[in-house]
Amino acid sequence: MKEYIQNLLTGIVSSLKNENILSADTQIRIMVENTKDKAHGDFASNIAMMLARPMKKNPREIAELLISRIPANDKISRVEIAGPGFINFFANKAFIENQVNDMLKDPLLGVRPLRTPETVVIDYSSPNVAKEMAVHHIRSTVIGDAVVRILEFLGNRVIRANHIGDWGTQFGMLIACLEKKEEEHASSLELSDLEAFYREAKKYYDEDPQFAEKARKYVVKLQSGDEYCREMWQKLVKITMDQNQEIYRRLNISLTEKDVMGESLYNPMLKPLVDDLISRNLAKEDQGAIVVYLDNFKDKDGNPRGVIVRKSDGGFLYTTTDIACTKYRVEHFGANRIIVFADSRQHEHLLMAWDIAKMAGYLPENVLTEHGSFGMMLGKDGKPFKTRSGGTVKLKEFLDEAENRAATLMSDRNNNLSPEEKSKVIHTVAMGAVKYADLSKNRTTDYIFDWDNMLTFDGNTAPYLQYAYSRVQSIFRKTDAIPGKISISAPEEEDLLLKFTKFNEVVNSAAEKAMPHLLCTYLYELAGLFMKFYESCPITKQEVPDNIKTSRLAISECTAKILKTGLGLLGIETLERM
RNA sequence: GCACCCUUAGCUCAGGUGGAUAGAGCAACCGCCUUCUAAGCGGUCGGUCAAAGGUUCGAGUCCUUUAGGGUGCGCCA
């Protein structure tokens, strides 16, 4: 609809140019927007105001001219000039009805896949090996996974890249500690508490010189590909990722073992990469280290900023890894777009790594690199979100608390659910609420996390959306009638239908910007309009005529389909009853 | 010192490429359940969009400056 109006206006403008009413070299951007106020119609354009200057005429006069050239059509019922020269378009009800009737038959609900699908690498979650996932990993994991689903829905080839922290000097002591534990408990190796294991390793390393010596030896052996050390290291990776996989399962995150592409993957590429930079004079030696100087970044004296890609001891840094990683994603996957979901502190680092990759020709200009940046999670007091004792909140315990709180809220409700259903509801509502709390926010700044705000089930929350869905399902349980052809019989219905037709636009826009909150806002508004419809338009009651009943059932069905699909794109499940 | 990000109602947040009277939820107060799930709906209250300039028909949005907050700045990741 919006595109139709846009094309219409584009055609009129070019005909004005052909007739020399408008100078041919006039460049204007034709904008059609959704109106905020019903009095302004359904769509509006400011084109007459934009043409006022080049045509040297009053905007309202221009608007008249444009309107007189709109051909007869079945999509627009009425056009008005308003205010300083806005053109307001009113959609034809019958056209909207048809569009929604078609949507209901379409598995994609009117969403049109991209004309040219892209290969998109999405780097997200990225937990560390030998550590438990902490609450701060939730942002990257949840937002990244939603963007994955949205882009796939639109037909893109999406590569999930779980860039785990599986490399570094700490692995020497971890291997030595694992070995020690295996010797002590040969049969049953218990490593459920990775934090304790890490602390233990550190303690031995600090207090036992023999252990420390062995640890240092193991680092070197691991890096030179020693089979025993590699095996032990792989064991650590597996133990960690098995635990993380359990978290992913609980949170309904689509990552699998196959998506693990840790830092170690790029290890063999580092030396050739730095050699390449040196041989092409892009990197220079300085005080024993190999440095790349970037004109786009200044150091404290205003000179090009130096980034070390190889230490004076020959070791590599994480910038080197990220350059190699970018190169790999372009060469190996043929990425058109790379999105890294990492916290905002990494912003400058990522820009520098990409700058170097571009400079070296590893990253072509037409490949988009984006930082899906976000801030820290703060408590209600505005300080970093911590446990009462000031420690890091483990993600597992955080999810446990979400379920406990959801269970408490559930216990106040009077419903007839079986114990199995009840626990399913608690789980689904809790995980939905936790994920939605992250997904519905746009800010790249830090954000305040508040249990009460998230689990009150009011306002823009997942439970509200889930409730709207299960409300529809309950209608269908109460009637034998089946949805029929939609025909608008109340203003609440018209508002809802118009909202339906914007699903396509919203999904595409969320994909383009890698911002799931746009979809959240839409679904919340959709659910709100449905609630209003539900309050004021009886559906299955006796006095409702059959044609209206079946139409309203179809409207309910369409709401449910969009809610289920939309929440599915966010990785949030729906419930038939709650 | 240099750079990047941020500042919207008492609180938590929305406000695509500049558009018409800046929107929700919470909190506070007032209504609506013999009627499809009240985990809902309606209403009232609440704002110098951090401040000052500039660009233009028009600025929360773009530019400059200032204040306040956050983050990052060569051999950790």
Side-chain angles (χ1 to χ4, degrees), chain A residues 29 31 33 35-37 39-40 44 46 49-50 52-53 59 82-86 88 128 165 167-170 263 286-291 297-302 305-313 315-319 321-322 343-349 351 373 375-376 380 382 409-410 412-415 429 440-450 452-454 456-461 463-464 466-468 470-479 505-506 509-510 512-513 515 517-518 520-521 524-525 528 531-532 534-541 544 552 556 577-578:
Chain A
R29 193 167 188 170
M31 281 174 42
E33 54 200 26
T35 52
K36 288 171 194 158
D37 187 338
H40 300 145
N46 60 357
M49 279 129 79
M50 300 189 77
R53 182 166 295 219
F86 290 103
N88 294 336
N128 292 313
W167 207 247
T169 49
Q170 73 275 24
E263 291 165 4
D286 182 43
Q287 297 167 47
I290 302 299
V291 184
F297 298 84
K298 304 279 180 238
D299 69 9
K300 54 189 155 203
D301 302 318
R305 181 139 147 215
V307 179
I308 294 179
V309 292
R310 194 173 79 197
K311 299 191 281 182
S312 51
D313 68 0
F316 302 102
L317 293 134
Y318 83 135
T319 305
T321 304
D322 279 349
D343 82 77
S344 59
R345 286 172 297 190
Q346 303 214 37
H347 188 65
E348 205 170 24
H349 154 72
L351 292 185
S373 165
M376 279 191 296
K380 271 171 103 167
L409 283 178
M410 270 290 285
D412 298 340
R413 309 293 166 203
N414 190 15
N415 52 36
V429 163
S440 58
K441 289 174 182 62
N442 168 39
R443 297 293 167 147
T444 54
T445 41
D446 303 340
Y447 78 107
I448 312 279
F449 181 85
D450 178 5
D452 297 326
N453 237 338
M454 186 187 84
T456 46
F457 299 47
D458 287 314
N460 192 7
T461 62
Y464 178 83
Q466 289 168 324
Y467 177 60
S470 68
R471 244 183 160 176
V472 177
Q473 298 315 306
S474 118
I475 296 168
F476 284 104
R477 275 195 299 275
K478 290 275 162 72
T479 181
E505 183 186 345
V506 168
S509 159
E512 189 190 323
K513 298 185 172 61
M515 284 181 165
H517 85 280
L518 296 172
C520 294
T521 304
Y524 176 54
E525 286 165 358
M531 293 293 194
K532 288 184 181 79
Y534 182 88
E535 296 286 331
S536 56
C537 300
I539 302 166
T540 60
K541 295 193 180 152
V544 182
R552 289 185 176 165
S556 304
R577 305 160 68 101
M578 60 190 282

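Naming convention: chains lettered A, B, ... in sequence-line order (proteins, then strands); numbering from 1 in each chain. Just so we're clear, the structure is a prediction, and the values are computed from it rather than from any experiment.
A donor and an acceptor atom never sit less than 3.5 Å apart when one is taken from the side chain of A:Arg471 and the other from the base of B:U37. Side-chain N/O atoms of A:Tyr467 and base N/O atoms of B:A39 include no donor-acceptor pair closer than 3.5 Å. Judged by atom type and distance alone, A:Ser312 reaches the base of B:C75 through a side-chain donor-acceptor pair under 3.5 Å.
Stacking between A:His40 and B:A20 is present: the aromatic ring centre lies within less than 5.5 angstrom of the base six-membered ring centre, and the two planes differ by under 30 degrees.
Under 4.0 angstrom from either OP1 or OP2 of B:A20 there lies at least one side-chain N or O belonging to A:Lys36.
Counting only Watson-Crick or G-U wobble pairs whose defining distances are both under 3.5 Å, the stems of 3 or more consecutive pairs in RNA chain B are B:1-7 with B:67-73, B:10-13 with B:23-26, B:28-32 with B:40-44, B:50-54 with B:62-66.
Each of B:U37, B:C75, B:G16 was ranked by its minimum atom distance to the side chain of A:Gln287; first place goes to B:C75.
For B:G60, the glycosidic angle deviates from 0 by more than 90°, giving an anti base. B:C62 takes the anti form, because its glycosidic angle lies more than 90° either side of 0.
Taking atom C1' in both B:G1 and B:G18, one finds a spacing of 36 Å when rounded to whole Å. A gap of 36 Å separates the C1' atoms of B:U64 and B:G25, to the nearest Å.
Listed by chain and residue number, A:Leu294, A:Thr319, A:Met352, A:Ile356 satisfy the side chain to side chain contact (heavy atoms under 4.5 Å, CB included) test with A:Val307 (two or more places apart in sequence, or in another chain).
Closest of all the heavy-atom pairs between A:Pro463 and A:Met578 is O-CE, 4.1 Å.
Here A:Glu505 lies in heavy-atom contact (under 4.0 Å) with a base. Contacts of A:Met515 with the nucleic acid, taken as non-hydrogen atoms under 4.0 Å apart, are absent.
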Can you check nucleotides 22-32 of chain B for protein contacts, nitrogen or oxygen pairs under 3.5 Å, and list what you find?
residue, atom, partner, partner atom, Å
B:A24, O2', A:Tyr524, OH, 3.0

